Amino acid sequence: MPELPEVEVVRRGLADHVLDRTVAAVDVAHPRAVRRHVAGGPDFAARLAGRTITAARRRGKYLWLDLDGDEALLAHLGMSGQMLVADHGRPDEKHLRVRLRFADGGPELRFVDQRTFGGLSLHPVVGPDRLPEPVGHIARDPMDPAFDLDAAVAGIRRRRTGLKRALLDQTVVSGIGNIYADEALWRARLHGERPTEKLTRAQGRTVLAAAAEVMDAALDAGGTSFDALYVNVNGASGYFDRSLDAYGQADRPCRRCGTPIRRESFMNRSSFSCPRCQPRPRGL
DNA sequence: CGAGTATCCTGTCCGC
DNA sequence: TGCGGACAGGATACTC
């Protein structure tokens, strides 16, 4: 499940392999993969052909390739999306959704996505930051050089909800998914259902700094593990196996205090936390 | 309008 | 062995 560090690994791989290359032809193998391109698959393929890729950019979990002209090829990997740089003739992956061939005859770019939560689309880039339109409402992520920590803390405290919900809201801070939210809360020793209006500024700064630390660590681990010719979003899985303190650790002892980690139901999914280090707020 | 929830999808795992 | 159900979860359309 790609979160920000995995998406950044993919962005770097794309920067290495598709920059300054011109798209020759596009195959859309599954229409759902381009459902966010409202004009449809044939329009997507026709408009992408002949375009040259000028940059590989990212905000939060959104990834896009700037094209010549003021447009971008936007990608979201969803739950299971992968960008693969593949030599011709290599057998198609079972869940190949979109293929880009290039005019230089070099390796092609494949979008592979088992569960089709992800997708590709073309959009104008707008505003001073030259963002694709669907990214306009996404907040800066903690790895963005222009990320404003105090503004993000203020954004969280302005919400009237639980802390974990606020962390997952991509319009407040982007790039934090279920795994990193649980890890950040564990590091900050805060329960996810703590009301945001009772969160102190110091607690807010602590939990966001923790999120940034977890992301940095995952990027260090994932950024070195992918093959130069195979841009693989699963590159960071080794990090998850070894380094998670809370997420997925139900009944295993907390690394700080030894208390078994608890699993709770949250928004039709799961939250993991230490009952002792992260006590439930009173009354909840 | 803000908060919370239902929904999309498919592969894996578990119990019977 | 095979089947049914739970589970994984980002983003958004939807309701209240």
Side-chain angles (χ1 to χ4, degrees), chain A residues 1-11 28-38 58-64 74-83 93-98 111-121 123 131-142 154-185 192-199 211 214-215 218 233-234 236-237 240-241 244 246-251 261-273 284:
Chain A
M1 50 214 82
E3 295 198 40
L4 186 150
E6 293 77 18
V7 178
E8 174 60 15
V9 169
V10 174
R11 189 199 66 78
V28 177
H30 195 308
R32 185 171 153 81
V34 294
R35 68 192 179 284
R36 295 206 162 78
H37 187 85
V38 289
R58 182 190 58 73
R59 175 172 285 193
K61 287 173 275 200
Y62 279 93
L63 173 69
W64 65 94
L74 181 64
H76 200 292
L77 301 176
M79 299 277 310
S80 54
Q82 296 175 295
M83 290 286 198
E93 291 74 15
K94 182 177 177 189
H95 301 294
L96 174 66
R97 308 304 188 195
V98 179
F111 178 67
V112 176
D113 188 13
Q114 175 204 112
R115 285 156 76 178
T116 67
F117 275 43
L120 306 182
S121 48
H123 304 276
L131 301 175
E133 278 173 340
V135 184
H137 70 291
I138 301 294
R140 291 185 189 277
D141 60 70
I156 289 174
R157 296 177 77 235
R158 212 177 295 126
R159 301 291 310 278
R160 288 295 173 263
T161 186
L163 175 56
K164 182 169 174 180
R165 277 182 192 278
L167 291 175
L168 293 174
D169 184 339
Q170 305 295 302
T171 68
V172 177
V173 189
S174 71
I176 302 178
N178 200 38
I179 297 172
Y180 289 100
D182 279 3
E183 293 301 302
L185 289 165
E193 290 186 46
R194 172 177 289 267
T196 48
E197 63 263 39
K198 290 183 184 166
L199 191 77
V214 181
M215 289 178 184
V233 299
N234 298 320
S237 61
F240 290 137
D241 292 346
L244 293 179
Y247 181 82
Q249 306 301 306
D251 303 326
I261 296 290
R262 73 182 149 200
R263 172 181 183 273
E264 293 170 293
S265 192
F266 169 79
M267 290 171 72
N268 271 340
R269 42 193 62 114
S270 295
S271 286
F272 300 89
S273 61
L284 287 175

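A, B, ... follow the sequence lines: proteins, then strands. Residue 1 opens every chain. Since we're looking at a predicted model, the values are computed, not measured.
- Distance, A:R59 CZ to C:dA11 P: 14 Å, rounded to whole Å.
- With DNA chain B read from its 5' end, the first of the two nearest nucleotides for A:H95 and A:R165 is the one closest to A:R165.
- Separation of atoms CG (A:L96) and CG (A:D113) is listed at 11.0 Å; rounding is to 0.5 Å.
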Derivation of the salt bridge (Lys or Arg N to Asp or Glu O under 4.0 Å) call for A:D182 and A:K164: CA-CA 8 Å; A:D182 279 3; A:K164 182 169 174 180; 2.7 Å; yes
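- Across all strands shown, A:R263 has heavy atoms under 4.0 Å from sugar-phosphate atoms exclusively, and none from any base.
- A:M79 places its CE atom 15 Å from the P atom of C:dC7, with the value rounded to the nearest Å.
- Along DNA chain C, the nucleotide nearest A:S270 and the nucleotide nearest A:P134 are compared for position; the residue whose nucleotide lies closer to the 5' end is A:S270.
- Of all nucleotides listed (C:dA11, B:dA6, B:dA3), C:dA11 comes nearest to the side chain of A:Q170.
- Here the C1' atom of nucleotide C:dG10 and the CG atom of A:L168 are 9 Å apart, to the nearest Å.
- Applying the 4.0 Å criterion to OP1 and OP2 of C:dA11, one finds that A:H137 has every side-chain N and O outside that range.
- Between the CE atom of A:M267 and the P atom of B:dA6 there is a distance of 11 Å, given to the nearest Å.
- Within the 4.0 angstrom heavy-atom criterion, only backbone atoms of the sugar-phosphate kind lie near A:Y62; the bases stay farther away.
- Take the nearest nucleotide of DNA chain B for A:N268 and for A:R160: the residue whose nucleotide is more 5' is A:R160.
- Side-chain contact check for A:E3 versus A:M215: every heavy-atom pair is 4.5 Å or farther apart.
- Looking at heavy-atom distances under 4.0 Å, A:H30 makes no contact with the nucleic acid at all.
- Separating the CZ atom of A:F272 from the P atom of C:dA8 is a distance of 6 Å, rounded to the nearest angstrom.
- For C:dG10, its base sits under 3.5 Å from the side chain of A:R269 at one donor and acceptor pair at least.
- For A:R159 against B:dA3, no side-chain N or O and base N or O form a donor-acceptor pair under 3.5 Å.
- Phosphate contact (OP1/OP2 of B:dG11, side-chain N/O of A:S80, threshold under 4.0 Å): absent.
- Listed nucleotides B:dG11, C:dA11, B:dC9 differ in distance to A:R32; the shortest reach to its side chain belongs to B:dC9.
- Taking atom CD on A:E193 and atom P on B:dA3, their separation rounds to 16 Å, with Å as the unit.
- Closest approach of A:H123 and A:P132 over heavy atoms only: CB-CB, 4.2 Å.
- A:R159 and A:T196 share no donor-acceptor pair across their side chains, judged by distance under 3.5 Å alone.
- Here the C1' atom of nucleotide C:dC7 and the CZ atom of A:F266 are 16 Å apart, to the nearest Å.
- For A:R115, taking side-chain heavy atoms from C-beta onward, the closest of the listed nucleotides B:dT5, B:dT10, C:dA11 is B:dT10.
- Atom CZ of A:R158 is separated from atom C1' of B:dC1 by 15 Å (rounded to the nearest Å).
- Heavy-atom minimum distance, A:R58 versus A:V7: CD-CG1, 3.6 Å.
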